[in-house]
Amino acid sequence: SGNQQLASFLAKSFHECILNLCCLNVVNSYARTPPLAWQMGWADAIALTADKNTLPPLPIDLLREKDLLCDYIWRANRLGWTCRQQFEETWVSLLTTLD
């Protein structure tokens with residue numbers, strides 16, 4: 001019982017640590033990109049700036065795939081946004097898929 005509690009505590013701490021790392025600007029856009037997008041051939045066009053590496057928003061035609069959209073929404077809900085621009089781009093992408 002004691003080992004199980006320790007394992008549960010460590011697993012929870014590890015999970016929280018990974019989520020916190022995913023919220024950092026350096027990795028956030030990569031963490032928010034569903035693996036299915038890479039598998040579907042989405043090119044990793046990386047925009048390099050002086051202070052960060054960011055990926056552009058996912059194309060709308062990819063977001064129309066149900067499985068990818070569900071994963072994208074889950075990741076956006078779980079990781080949140082790092083800035084106002086990312087928030088706006090996310091919502092524009094989601095609203096465009098409704099069209």
Give, for atom [atom1] of [X] and atom [atom2] of [Y], the distance between the pair rounded to the nearest 0.5 Å.
X: M40; Y: L58; atom1: CE; atom2: CG; result: 10.0 Å
X: R78; Y: L19; atom1: CZ; atom2: CG; result: 4.5 Å
X: R64; Y: L98; atom1: CZ; atom2: CG; result: 9.5 Å
X: L63; Y: L94; atom1: CG; atom2: CG; result: 7.0 Å

Taking all non-hydrogen atoms of both residues, which atom of [X] and which atom of [Y] are closest, and how far apart?
X: C22; Y: L79; result: CB-CD2, 3.6 Å
X: L68; Y: L62; result: CD2-O, 3.5 Å
X: N28; Y: Q86; result: OD1-NE2, 2.7 Å
X: A31; Y: R75; result: O-NH1, 2.6 Å

Inset, instruction - Indicate the ring-plane relationship of F87 and W81, choosing parallel, tilted or perpendicular according to the 30° and 60° boundaries. - result: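 F87 vs W81 ring planes: perpendicular.
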Taking the side chain as C-beta and beyond, is there a heavy-atom pair between [X] and [Y] under 4.5 Å?
X: I60; Y: S93; answer: yes
X: I73; Y: N77; answer: yes
X: V92; Y: P57; answer: no
X: F14; Y: F9; answer: no
X: L69; Y: P34; answer: no

Inset, instruction - Assess the side chains of T90 and R32: does a donor N or O sit below 3.5 Å from an acceptor N or O? - result: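 There is such a pair between these side chains.
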Inset, instruction - Using the test salt bridge (charged side-chain N to carboxylate O under 4.0 Å, His left out), find all partners of E89 that sit at least two apart in sequence or belong to another chain. - result: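 Salt bridge (charged side-chain N to carboxylate O under 4.0 Å, His left out) list for E89, sorted by chain: empty.
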Legend entry - In one Ile/Leu/Val/Met/Phe/Trp/Tyr side-chain cluster, 4.5 Å: L55, W74: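 Different clusters: L55 never reaches W74 through Ile, Leu, Val, Met, Phe, Trp or Tyr contacts under 4.5 Å.
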